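This report concerns only the one structure given below.
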Amino acid sequence: PISEIHGNLTLTRCKQHQDMPIQFFDTVSHEPVCVHCKMVGSHSTGENAHHPLITINEAYADGLSRLLQEREVVEQKQRHINAQMQHIDERL
């Protein structure tokens, strides 16, 4: 369930620094970032250093919100198609 995923977000470890939990999400490169990455790693210098970061929980909530919105759009389209199919069946 989604609640289990949300509860385990802070337990996810950085791919580059296995001992560090993921705490941030880079909204430009769309990748998780740990504190070590931000302080001395890939997000401490260069272009990545200027990318905005949000907490991993914010990224999860934003992603979930977008997913639910997209799901609603798909369900509306599905209802519309079903209504059209029913109308066609009635005409036959």
Side-chain angles (χ1 to χ4, degrees):
I2 301 235
S3 60
E4 287 179 16
I5 294 170
H6 187 266
N8 292 327
L9 287 175
T10 56
L11 301 177
T12 304
R13 299 291 174 181
C14 179
K15 289 181 182 179
Q16 296 172 346
H17 310 104
Q18 298 293 324
D19 59 330
M20 300 297 294
I22 296 298
Q23 293 179 305
F24 302 102
F25 184 77
D26 181 328
T27 60
V28 175
S29 63
H30 302 281
E31 62 184 345
V33 178
C34 74
V35 171
H36 193 73
C37 284
K38 183 60 183 164
M39 298 304 290
V40 294
S42 65
H43 280 73
S44 63
T45 60
E47 185 179 325
N48 286 346
H50 303 288
H51 289 180
L53 300 179
I54 59 175
T55 68
I56 196 69
N57 288 331
E58 287 176 282
Y60 171 82
D62 290 348
L64 181 60
S65 176
R66 282 193 309 274
L67 175 66
L68 293 174
Q69 289 172 354
E70 290 174 15
R71 179 180 171 183
E72 180 58 32
V73 169
V74 169
E75 288 174 351
Q76 287 175 355
K77 288 181 180 184
Q78 186 177 23
R79 286 190 294 271
H80 178 72
I81 290 169
N82 288 341
Q84 286 180 329
M85 289 176 61
Q86 184 177 358
H87 180 70
I88 290 170
D89 285 344
E90 290 170 359
R91 293 180 72 188
L92 294 177

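Keep in mind the model is a prediction, meaning the values are calculated, not measured. Along the sequence shown, the residues carry numbers beginning at 1.
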Atom CD of Glu47 with >12 non-hydrogen neighbours under 6.0 angstrom: no
Interatomic distance, Lys15 atom NZ to Cys37 atom SG [nearest 0.5 angstrom]: 11.5 Å
Heavy-atom donor-acceptor pair, Thr27 side chain to Pro52 backbone, under 3.5 Å: yes
Hydrophobic cluster identity match, Phe24 and Tyr60, side-chain contacts under 4.5 Å: no
Pairwise side-chain contact, Pro21 with Arg13, heavy-atom cut-off 4.5 Å (strictly under): yes
Common cluster, Leu53/Met39, ILVMFWY with side-chain heavy-atom separation under 4.5 Å: yes
Joint cluster assignment, Ile54 & Ile22, ILVMFWY side-chain distance < 4.5 Å: yes
Single-linkage hydrophobic cluster, 4.5 Å side-chain cutoff, Val74 and Leu68 together: no
Partner residues of Arg71 under the salt bridge (charged side-chain N to carboxylate O under 4.0 Å, His left out) criterion, sequence neighbours left out: Glu75
Distance (rounded to the nearest 0.5 Å) between His51 NE2 and His30 NE2: 10.0 Å
Nearest-0.5 Å distance that lies between atom NE2 in His50 and atom CG in Asn48: 9.5 Å
Value rounded to 0.5 Å, distance of CG in Asp62 from CG in Leu67: 12.5 Å
Step-by-step salt bridge (Lys or Arg N to Asp or Glu O under 4.0 Å) determination, Lys77 to Glu70: CA-CA 11 Å; Lys77 288 181 180 184; Glu70 290 174 15; over 6 Å; no
Any donor-acceptor N or O pair under 3.5 Å, side chains His80, Gln84: yes
Pairwise distance CD(Gln69) to CG(Leu64) - rounded to 0.5 angstrom: 10.0 Å
Residue pair Gln86 / Asn82, side-chain heavy-atom distance below 4.5 Å: no
Residues in side chain to side chain donor-acceptor pair (under 3.5 Å) contact with Ser29, at least two apart in sequence or another chain: Asp26, Glu31
Verify same cluster id: Ile56, Val35 (apolar side-chain graph, 4.5 Å): no
Interatomic spacing from CZ in Phe25 to OG1 in Thr55 - rounded to 0.5 Å: 11.5 Å
